[in-house]
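Comments concern the structure below.
Each residue takes its place number in the sequence, starting with 1.
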Amino acid sequence: MIEAPLDSLGAKVVVASSNDENHPPENIIDGNAKTFWMSTGMFPQEFIIRFAEPTMISAMTVDSYNVKKLKVEKNTSQNASNFEFAGEKEFQHTEGTLQSNTVPLNGIKATHLRLIVTSGYDHFVSVHRVSVQN
């Protein structure tokens, strides 16, 4: 199993539904749980991660705060479109500490992953780190 910061593997956040200059979407993939992307309220919120090349993924771990439900979609095209369902998970609320949840993805192959926060425990959510296991 390989787990490394996604930005060190050439991954990039290519789309985010909200952007705060103090908490940009790139923080999601830097491997540092102390940096984060913060939503600007309302749901759904989403971001798309593009890998440098098609990547086999057995599971994904998401460190977050106030996320209630997360849906994951994937594609294998060069464009960030035509996604298909890959997984979904409801997160337990953790007051004052980060949520750390693993979403099983059963060995999918993906060029892009779209993570959609469909609901939260508050108006605002933060995603601190996303890592993948192959």
Side-chain angles (χ1 to χ4, degrees):
M1 179 189 317
I2 297 172
E3 189 170 331
L6 293 180
D7 63 355
S8 72
L9 301 174
K12 297 189 180 316
V13 177
V14 294
V15 172
S17 57
S18 58
N19 191 8
D20 177 325
E21 65 185 38
N22 295 317
H23 307 290
E26 295 78 24
N27 288 348
I28 295 167
I29 60 170
D30 68 4
N32 182 352
K34 293 182 180 176
T35 63
F36 56 91
W37 166 77
M38 179 173 271
S39 72
T40 54
M42 305 291 287
F43 295 99
Q45 293 282 326
E46 70 178 57
F47 53 92
I48 298 174
I49 298 170
R50 180 171 204 246
F51 296 95
E53 57 189 46
T55 303
M56 296 299 293
I57 305 167
S58 63
M60 175 183 62
T61 300
V62 179
D63 295 339
S64 58
Y65 193 68
N66 279 334
V67 171
K68 185 172 185 180
K69 193 165 187 183
L70 180 78
K71 181 172 146 182
V72 182
E73 298 177 340
K74 61 104 178 175
N75 81 14
T76 54
S77 74
Q78 291 301 309
N79 300 319
S81 61
N82 299 322
F83 286 87
E84 54 190 59
F85 179 82
E88 192 168 41
K89 185 155 187 170
E90 188 158 333
F91 295 3
Q92 294 295 316
H93 184 61
T94 56
E95 188 64 41
T97 61
L98 283 181
Q99 301 161 299
S100 187
N101 287 274
T102 299
V103 181
L105 297 176
N106 303 317
I108 65 167
K109 185 176 185 179
T111 304
H112 295 90
L113 285 180
R114 176 163 58 188
L115 286 77
I116 305 165
V117 178
T118 58
S119 61
Y121 289 103
D122 198 347
H123 298 293
F124 299 94
V125 301
S126 60
V127 177
H128 294 248
R129 181 173 48 200
V130 172
S131 60
V132 296
Q133 297 82 42
N134 59 6

In the hydrophobic clustering that connects Ile, Leu, Val, Met, Phe, Trp and Tyr at side-chain heavy-atom distances below 4.5 Å, which members other than Ile48 occupy its cluster, ordered by chain and number?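 Joined to Ile48, directly or through intermediates: Val14, Val15, Phe83.
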Residues that, via side-chain heavy atoms closer than 4.5 angstrom, fall in one hydrophobic cluster with Leu98: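 Its cluster partners, ordered by chain and number, are Tyr65.
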Within the distance-only criterion (no hydrogens, no angle test), does the side chain of [X] pair as donor or acceptor with the backbone N or O of [Y] below 3.5 angstrom?
X      : Y      : answer
Ser17  : Glu46  : yes
Ser39  : Val125 : yes
Arg129 : Gly31  : yes

Tell me if the CG atom of Asn22 is crowded by more than 12 foreign heavy atoms within 6.0 Å.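 Atom CG in Asn22 is crowded, with more than 12 foreign heavy atoms closer than 6.0 Å.
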Lys69 atom NZ, over 12 foreign heavy atoms within 6.0 Å: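 Check fails, neighbour count at 12 or below.
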Could you give the distance from [atom1] ([X]) to [atom2] ([Y]), rounded to the nearest 0.5 Å?
X      : Y      : atom1 : atom2 : result
Ser126 : Asp20  : OG    : CG    : 11.5 Å
Asn134 : Lys109 : CG    : NZ    : 13.0 Å
Arg50  : Asn79  : CZ    : CG    : 8.0 Å
Ile49  : Leu9   : CD1   : CG    : 11.0 Å

Please name the pair of heavy atoms, one in [X] and one in [Y], separated by the smallest distance, quoted to 0.1 Å.
X      : Y     : answer
Leu113 : Val72 : CD2-CG1, 4.1 Å
Ile29  : Val13 : CD1-N, 3.9 Å
Ile108 : Ala86 : CD1-CB, 4.0 Å
Ile116 : Pro44 : CG2-CB, 3.8 Å
Ser18  : Thr40 : CB-OG1, 3.1 Å

Less than 3.5 Å apart, which donor and acceptor atoms pair up between the side chains of residues 51-60 and the rest of the protein, not counting sequence neighbours?
residue	atom	partner	partner atom	Å
Thr55	OG1	Glu53	O	2.8
Ser58	OG	Gln133	O	3.1

If Ile, Leu, Val, Met, Phe, Trp and Tyr residues are connected whenever their side-chain heavy atoms lie under 4.5 Å apart, and connections chain through other members, are Ile28 and Met38 in the same group?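 No.
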Sequence neighbours excluded - side chain to side chain donor-acceptor pair (under 3.5 Å) pairs with any residue from residues 98-107: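 Checked against side chain to side chain donor-acceptor pair (under 3.5 Å) - neighbours excluded - the pairs reaching residues 98-107 are Thr61-Thr102, Asp63-Ser100, Ser64-Gln99.
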Report the C-alpha distance between Val62 and Val67 in whole Å, list the side-chain angles of each, state the deciding distance to 0.1 Å, and finish with yes or no for side chain to side chain contact (heavy atoms under 4.5 Å, CB included). CA-CA 10 Å; Val62 179; Val67 171; over 6 Å; no
Ring pair (Phe, Tyr, Trp, His ring centres under 6.0 Å): pairs with one or both residues in residues 5-46, sequence neighbours excluded: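 Listed once each, the pairs are His23-Phe36, Phe36-His128, Trp37-Phe47.
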For residues 84-115, pull every pair meeting ring pair (Phe, Tyr, Trp, His ring centres under 6.0 Å), keeping only residues two or more places apart or in separate chains.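 Passing the test, one end in residues 84-115: His93-Tyr121.
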Can you find a pair of side-chain heavy atoms, one from Pro24 and one from Asn19, that are under 4.5 Å apart?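 Pro24 vs Asn19: side chains touch.
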Mind checking whether Glu84 and Lys74 have side chains closer than 4.5 Å, heavy atoms only?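 The answer is yes, as the side chains (C-beta and beyond) meet within the 4.5 Å cut-off.
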Dump the intermediate steps for side chain to side chain contact (heavy atoms under 4.5 Å, CB included) on Glu90 and Lys68, then the final yes or no. CA-CA 6 Å; Glu90 188 158 333; Lys68 185 172 185 180; 3.8 Å; yes
